[in-house]
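Here, residue 1 is the first one in the sequence, and each next residue gets the next number.
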Amino acid sequence: MRSHETTVSFPNRLERRVPGMAPADASFHFSFSLAVLGEARVGKSKLISCTLPDSPPEEETELGVDHGIKCRAHTYESRGARYQILMWEVPGASRYLDAAPRYASMAAGLLLVFDLTRRSTFERISLWLDAVETASPELPRVLVGNKSDGETQVSAEEAVALAQKHSCKYFETSAVRN
């Protein structure tokens, strides 16, 4: 397998060489990435899949045999402009906390996902935030409470308070497609 590298531009950030990605199509008007962080089994993969259209899945590239960090590329057109979004999914195991700052430093924003039905995943969001804070203190962040269709263990008030404490927007969702 050949290793590819491409230059990706991030708003308000320097262009970065991203290992493992095939060369980008120069016809994009905008290209940016999001780092998707959170504990294991909070629904990060499902949430990413729900953001993609129902058309055939875009190319998904797993970076490194040992890393397990996946990148999902999505392209779309709106109002005459072509967009490319790269969504970097960092696995939720504790050993990946060290990798989070690297992907945050390449991203235009963060999605921090927790499972509303498992309080422990909410309590560990601060660890993910602390991991990326020094590398990217001004990075836009969104806190996502996933699995709102289940028996919740975290109240909206608690989640909003955490989001406000860390200057995040907060949303609740369910990644289950009907």
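- The two residues Leu116 and Gly145 make their nearest non-hydrogen contact at CD1-O, 3.4 Å.
- At a threshold of 4.5 Å between non-hydrogen side-chain atoms, the residues Leu143 and Ile125 count as touching.
- Partners of Arg124 under the side-chain hydrogen bond (donor to acceptor under 3.5 Å, both in side chains) rule, at least two apart in sequence or in another chain, are Glu39, Ser94.
- Counting all heavy atoms, side chain and backbone alike, Tyr170 lies closest to Ala156 at CE2-O, 4.5 Å.
- Note that CZ of Phe30 and OH of Tyr76 are 9.5 Å apart. Values are rounded to the nearest 0.5 Å.
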For this session: For side-chain contact (heavy atoms from CB on, under 4.5 Å), just list the numbers for Met87 and His74, CA-CA rounded to whole Å, side-chain angles, deciding distance to a tenth of an Å, and then say yes or no.
Result: CA-CA 8 Å; Met87 291 179 259; His74 172 56; 4.3 Å; yes
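- Residues Leu112 and Val144 have side chains not in contact (no heavy-atom distance under 4.5 Å, counting atoms from C-beta outward).
- Within the model, atoms CG of Leu139 and OG of Ser105 stand 9.0 Å from one another, a figure rounded to the nearest 0.5 Å.
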For this session: Verify side-chain hydrogen bond (donor to acceptor under 3.5 Å, both in side chains) between Ser45 and Glu89, making sure each step is shown before the conclusion.
Result: CA-CA 7 Å; Ser45 295; Glu89 180 185 350; 2.7 Å; yes
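- Side chains of Ser31 and Tyr83 form no contact here, defined as non-hydrogen atoms less than 4.5 Å apart.
- Side-chain contact check for Leu110 versus Val142: every heavy-atom pair is 4.5 Å or farther apart.
- Between the Lys44 side chain and the Gly38 main chain, a donor and an acceptor come within less than 3.5 Å of each other.
- Two residues are said to be in side-chain contact when any heavy atoms from C-beta on lie closer than 4.5 Å; Val36 and Leu47 fail this criterion.
- At a threshold of 4.5 Å between non-hydrogen side-chain atoms, the residues Leu86 and Phe32 do not count as touching.
- Lys70 is not listed as a side-chain neighbour of Pro91, based on a closest heavy-atom distance of 4.5 Å or more.
- Residue pairs meeting the salt bridge (Lys or Arg N to Asp or Glu O under 4.0 Å) criterion with at least one partner in residues 143-161, sequence neighbours excluded, are Asp115-Lys147, Arg119-Glu158.
- Across every non-hydrogen atom of Val42 and Asn146, the tightest pair is O-ND2, 3.0 Å.
- At least one donor-acceptor pair under 3.5 Å links the side chain of Ser33 to the backbone N or O of Met106.
- Under the 3.5 Å distance criterion, the side-chain polar atoms of His29 are matched with a main-chain donor or acceptor of Arg82.
- Nearest heavy atoms, Ala99 versus Ile69: CB-CD1, 4.0 Å.
- Ring geometry, Trp88 versus Tyr103: the interplanar angle falls from 30° to 60°, so the pair is classed tilted.
- Put simply, the side chain of Arg72 reaches to within 4.5 Å of the side chain of Ser49, judged on heavy atoms.
- Going from atom OG1 of Thr173 over to atom NZ of Lys46 covers 11.5 Å, rounded to the nearest 0.5 Å.
- Screening residues 105-129 for ring-ring contact (aromatic ring centres under 6.0 Å, His included) gives Phe114-Phe122 as the qualifying pairs, with residues at least two apart or on separate chains.
- With rounding to the nearest 0.5 Å, the separation of CG in Leu129 from OG in Ser136 is 11.5 Å.
- Across Pro101 and Val132, no two heavy atoms sit closer than the pair N-CG1, 4.1 Å.
- No donor-acceptor pair under 3.5 Å is formed between the side chain of Glu172 and the backbone N or O of Ser148.
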